[in-house]
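Written below as structure tokens is the structure these notes are about.
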Amino acid sequence: MPLREVTGGGGRRVFLGFVVVYLLAFVVVVDGDVHLWPMPASVSRGSRTLYLSSDLALKTDGSKFSDGSGILKDGFERMVELVRESRSVEGQVNGSDNLLAGLHVVVSSSNDSLYYGVDESYKLSIPATGNLIYGYIEASTVYGALHAFETFSQLCDFNLMTRTIELHGAPWNIIDQPRFSYRGLLIDTSRHYQPLSMIKKVIDAMAYSKLNVLHWHIVDRESFPIEIPSYPKLWNGAYSYSERYTVADAKEIVQYAEKRGINVLAEIDVPGHAISWGIGYPSLWPSANCQEPLDVSNELAFKVIDGILSDFSKIFKFKFVHLGGDEVNTSCWATSSHVNKWLDNHRLNESDAYKYFVLRTQSIAAKHGYEPINWEETFNNFGNKLNPKTVVHNWLGGGVAPAVVAAGLRCIVSNQDKWYLDHLDITWQDFYMNEPLKNISKPEQQKLILGGEVCMWGETVDASDIEQTIWPRAAAAAERLWTPLEMLAEDPKQVTTRLARFRCLLDRRGVAAAPLAAPGRGVPLGKGACLRQ
Ligand SMILES: *[C@@H]1O[C@H](CO)[C@@H](O)[C@H](O)[C@H]1NC(C)=O
Ligand SMILES: *[C@@H]1O[C@H](CO)[C@@H](O)[C@H](O)[C@H]1NC(C)=O
Ligand SMILES: *[C@@H]1O[C@H](CO)[C@@H](O)[C@H](O)[C@H]1NC(C)=O
Ligand SMILES: *[C@@H]1O[C@H](CO)[C@@H](O)[C@H](O)[C@H]1NC(C)=O
Ligand SMILES: *[C@@H]1O[C@H](CO)[C@@H](O)[C@H](O)[C@H]1NC(C)=O
């Protein structure tokens with residue numbers, strides 16, 4: 001029997017219709033026996049066990065969706081591989097009344113573009129009986145169907161006695177959709193390079209936890225690993241010859257992510273955080289020994305930004321681009337005589353020049369079709385001058401998101417005291433409890449919170465430890481961002497067992513997810529079962 005989840009307040013909403021229909025025949029179980037992560041918006045289950053056919057079929061008749069790029073078919077095949085857990089399914093299923101023959105998927109939109117706000121909802125039902133039992137998935141878009149596959153995979157277990165894949169708890173009726181349309185994870189490939197294979201593994205696990213934006217903080221002051229054809233000397237700022245991404249590499253990452261329903265948000269962090277740009281183009285520095293922020297008086301700075309965003313627009317098709325704008329210390333502008341002279345000529349003080357830089361960068365981004373995201377200092381310093389389409393990215397702490405939405409701008413929440421993964425002392429419980437709508441009560445202001453993002457800054461992570469630093473804490477935030485507020489646990493203890501199960505599932509899928517007992521990337525407490533760590 002599956003482990004029982006400790007339940008408390010905040011009971012699950014169960015479909016009354018199904019309760020009535022199945023009450024006599026089946027035990028209708030709420031939270032206690034639903035092990036899905038993140039918890040769907042609405043779920044009911046029974047108690048019958050089905051066995052997956054060894055050649056589980058994908059049936060798509062009735063779909064408007066033609067799957068020209070194979071997104072659905074590939075997603076289905078990946079899901080089947082995941083539930084097999086690399087094992088050999090050699091058992092014999094006896095009889096046909098308990099055999100799950102396949103999944104019938106009906107997608108109502110023929111459009112497979114992964115635009116921001118795409119409908120990710122789905123319905124998944126698994127009947128308990130029938131002659132030829134098919135699970136049924138209904139979704140507006142293929143991306144909803146991919147979420148349904150993930151949910152389905154979490155209903156399945158490999159039985160080592162019978163060597164078959166079982167699905168417990170039929171009939172299932174699940175209706176699901178995310179609470180927020182922006183559910184992000186930041187990776188930073190400037191402080192340490194991440195190989196393509198590791199970025200793909202991070203994307204895989206994002207799909208398992210239904211996160212949908214990979215914020216790729218590609219470059220920073222420490223290194224500039226990406227190829228920019230318009231300014232080919234920029235990646236001279238890479239750490240080494242091999243620690244670089246070609247344009248083709250970046251396209252590959254974007255395509256890999258999109259096929260899994262994940263958009264890639266690219267960032268250039270200007271005018272601070274950009275020393276590495278000057279390795280290839282030293283005149284971007286105010287001076288050789290005062291190298292940051294980018295020289296506001298040099299037109300080349302804006303030409304290079306234009307070139308980068310032009311090249312980005314051919315790779316990163318997401319409607320947003322991140323333009324940074326945080327931690328700008330303008331003292332090099334004041335102390336470099338040619339910049340100082342330029343400021344005087346233009347009658348600008350240092351803070352005016354910071355604003356000028358950010359706003360000019362925003363208009364370059366707009367020219368390339370992007371809506372801008374900027375870190376919160378831009379809002380804190382000159383919020384009323386920002387492009388009205390700006391999404392303000394909170395990080396310094398609480399209290400900013402309410403001010404941003406009160407000013408009518410959109411916001412993404414990443415307060416560092418709760419959602420910075422590089423802060424190893426922050427526990428999964430803190431990640432779980434961080435509420436993006438805290439202190440925001442007006443519905444029209446709540447709508448301006450696009451969602452949130454957990455941030456894996458790269459100072460102490462490379463390919464050797466990034467996964468265990470991200471997981472399972474990012475998954476705790478993923479449930480906060482996916483599941484309806486009224487269904488989230490008020491006390492994280494209520495979900496410990498369910499998250500532990502998800503953590504063990506990640507491990508079985510080859511993701512190095514750390515034990516729950518330690519805050520960030522800890523080691524197991526001692527000998528014992530995965531679920532107890
Ligand atoms: C089917 O029957 C065989 C023989 O009794 C048994 O070994 C096997 O475990 C059964 N399969 C399942 C899935 O129960
Ligand atoms: C898909 O839908 C989006 C959003 O409505 C639209 O911008 C895009 O043009 C559509 N693509 C196709 C191929 O119809
Ligand atoms: C700003 O930069 C200058 C020179 O680079 C440095 O001396 C100063 O401490 C910095 N100020 C802050 C607040 O970091
Ligand atoms: C800079 O100048 C603006 C007017 O252009 C003024 O409002 C602002 O207070 C000045 N800032 C500082 C730090 O002097
Ligand atoms: C909510 O409001 C309280 C009281 O004003 C404040 O201390 C806290 O920082 C706010 N939290 C957030 C996340 O905005």
Side-chain angles (χ1 to χ4, degrees), residues 48-56 83-84 87-101 133 156-168 170 180 293 296 328-335 339-340 342-360 376-385 392-407 409-420 426 430-442 445-446 448-455 477 480-481 485 488:
R48 189 152 194 256
T49 297
L50 302 178
Y51 300 88
L52 267 61
S53 163
S54 56
D55 58 346
L56 195 74
V83 298
R84 276 188 51 233
R87 291 185 145 126
S88 158
V89 186
E90 55 198 6
Q92 176 75 36
V93 180
N94 308 307
S96 60
D97 67 327
N98 56 7
L99 183 73
L100 185 71
I133 305 177
C156 299
D157 285 301
F158 190 88
N159 182 323
L160 285 147
M161 304 310 291
T162 60
R163 288 101 206 276
T164 55
I165 298 167
E166 295 180 342
L167 183 145
H168 298 281
F180 292 105
V296 64
V328 178
N329 173 352
T330 54
S331 71
C332 287
W333 289 347
T335 56
V339 186
N340 205 11
W342 181 91
L343 292 175
D344 280 350
N345 289 344
H346 290 78
R347 293 189 167 60
L348 298 173
N349 59 29
E350 290 169 51
S351 53
D352 295 331
Y354 166 37
K355 177 175 68 186
Y356 161 79
F357 200 112
V358 168
L359 299 185
R360 193 164 166 193
E376 70 171 73
E377 288 96 321
T378 59
F379 174 80
N380 300 341
N381 285 288
F382 42 87
N384 59 352
K385 294 290 189 301
V392 177
H393 196 164
N394 151 251
W395 73 277
L396 285 166
V400 176
V404 170
V405 297
L409 294 176
R410 295 172 294 176
C411 187
I412 295 165
V413 172
S414 290
N415 46 316
Q416 60 174 342
D417 54 329
K418 304 290 186 203
W419 274 1
Y420 266 26
I426 305 178
D430 288 333
F431 276 80
Y432 188 86
M433 294 308 290
N434 191 43
E435 172 49 45
L437 298 185
K438 181 97 190 280
N439 295 350
I440 302 169
S441 52
K442 292 188 180 142
Q445 293 188 359
Q446 292 182 341
L448 296 173
I449 300 287
L450 304 187
E453 179 178 296
V454 291
C455 300
R480 171 72 42 185
L481 291 165
L485 180 61
L488 291 166

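Just so it is clear, the structure is predicted and the values come from calculations on it, not from any experiment. One is the number of the first residue; the rest follow in order along the sequence. Counting convention: from 1, in listed order, for ligands and their atoms alike. All values below come from the heavy atoms of this structure, side chains included, with hydrogens, waters and symmetry mates left out.
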Distance (rounded to the nearest 0.5 Å) between Asn98 CG and Glu166 CD: 10.0 Å

Spatial distance of atom CG (Asp97) from atom CG (Leu50) [nearest 0.5 Å]: 9.0 Å

Protein heavy atom under 4.0 Å of atom 9 (O) of ligand 4: no

Atom 2 (O) of ligand 5: any protein heavy atom closer than 4.0 Å: yes

For [atom], what is the nearest protein heavy atom, given as residue, atom name and distance?
atom: atom 11 (N) of ligand 1; result: Gln92 O, 2.7 Å
atom: atom 14 (O) of ligand 5; result: Gly399 N, 2.7 Å
atom: atom 4 (C) of ligand 5; result: Asn439 ND2, 4.5 Å

Tyr51-ligand 1 polar pair, N/O distance under 3.5 Å: no

Close N or O approach (Asn94, ligand 1; < 3.5 Å): yes

Stacked cation flag Arg480 on Tyr432, 6.0 angstrom / 45 deg: yes

Any donor-acceptor pair under 3.5 Å from Asp344 side chain to Arg347 backbone: no

Asn415 (side chain) donor-acceptor with Asp417 (main chain) under 3.5 angstrom: no

